[in-house]
Amino acid sequence: QQPVQSPQAVILREGEDAVINCSSSKALYSVHWYRQKHGEAPVFLMILLKGGEQKGHDKISASFNEKKQQSSLYLTASQLSYSGTYFCGTLLLYSSASKIIFGSGTRLSIRP
Amino acid sequence: GAGVSQTPSNKVTEKGKYVELRCDPISGHTALYWYRQSLGQGPEFLIYFQGTGAADDSGLPNDRFFAVRPEGSVSTLKIQRTERGDSAVYLCASSQSNYEQYFGPGTRLTVT
């Protein structure tokens with residue numbers, strides 16, 4: 001049931017773009033994106049609720065393809081502050097409770 | 001305002017001992033979640049409370065783990081007869097809805 005994230009790790013130079021993918025083998029109700037810096041708690045970035053929904057947050061945006069059961073996170077013109085591990089969390093469509101299952105993360109390193 | 005707090009921040013215990021981990025959620029948040037995070041992995045769902053009741057405890061690994069939330073606010077995760085494999089960071093999160101979860105800083109548990 002755990003969503004699969006790809007790539008596992010990315011190294012960028014400041015200003016470059018990145019895409020992080022999250023896919024599920026089961027139908028999804030929602031996809032949640034979090035960022036966690038080393039030694040800190042995960043911080044909420046955004047949630048996508050509907051198929052085809054896209055959201056943006058500064059230069060970070062995401063899309064949700066309900067049919068393909070996948071979501072992508074787009075980081076544009078990356079800044080040093082974007083470094084960290086990005087987790088997607090999925091809430092299954094037929095889940096009886098708010099049980100979010102997190103992927104194993106994508107580690108993003110930004111170099112000056 | 002005050003975020004989610006967890007105590008202790010670090011706990012070292014001997015194999016076989018009993019431990020209690022405490023979580024103070026954001027005031028007014030009815031939903032409370034416990035997760036366990038091992039190095040290089042995403043948060044692993046343990047249990048979810050809606051008010052005082054455990055709405056979903058399917059993530060608790062075995063009957064050595066138990067959690068309570070008697071007054072619908074503070075929650076305590078209890079682990080009996082600790083094993084070395086229980087070593088991890090235990091994260092608590094609270095929420096007003098199925099949407100954004102606010103995570104606490106975690107308790108790092110080390111079983112020697």
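Per chain, numbering begins at 1; letters A, B, ... match sequence-line order. These values consider heavy atoms only, across backbone and side chains, with no hydrogens, waters or symmetry-generated copies.
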>> For residues 9-30 of chain B, which residue pairs pass the ring pair (Phe, Tyr, Trp, His ring centres under 6.0 Å) check, not counting sequence neighbours?
In response: His29(B)-Tyr102(B)

>> Counting only non-hydrogen atoms closer than 4.5 Å, does Gln37(B) touch chain A with its backbone (N, CA, C, O), its side chain (CB onward), both, or neither?
In response: side chain

> Which bit of Pro105(B) comes within less than 4.5 Å of chain A, counting heavy atoms only: side chain, backbone, both or neither?
Replying inline: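 Looking at Pro105(B), just its backbone touches chain A.
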
> Looking at CZ of Phe45(B) and CD of Gln1(A), how far apart are the two atoms once the value is rounded to the nearest 0.5 Å?
Replying inline: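 Reported to 0.5 Å precision, the distance equals 11.0 Å.
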
>> Nearest 0.5 Å, please: how far is CG in Leu32(B) from CG in Asp24(B)?
In response: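 If I round to the nearest 0.5 Å, the distance is 9.5 Å.
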
> Do the side chain of Thr13(B) and the main chain of Val111(B) share a donor and acceptor less than 3.5 angstrom apart?
Replying inline: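 No; zero donor-acceptor contacts below 3.5 Å.
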
> Is it the backbone or the side chain of Gln8(A) that comes under 4.5 Å from a heavy atom of chain B, or both, or neither?
Replying inline: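 Neither; nothing under 4.5 Å.
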
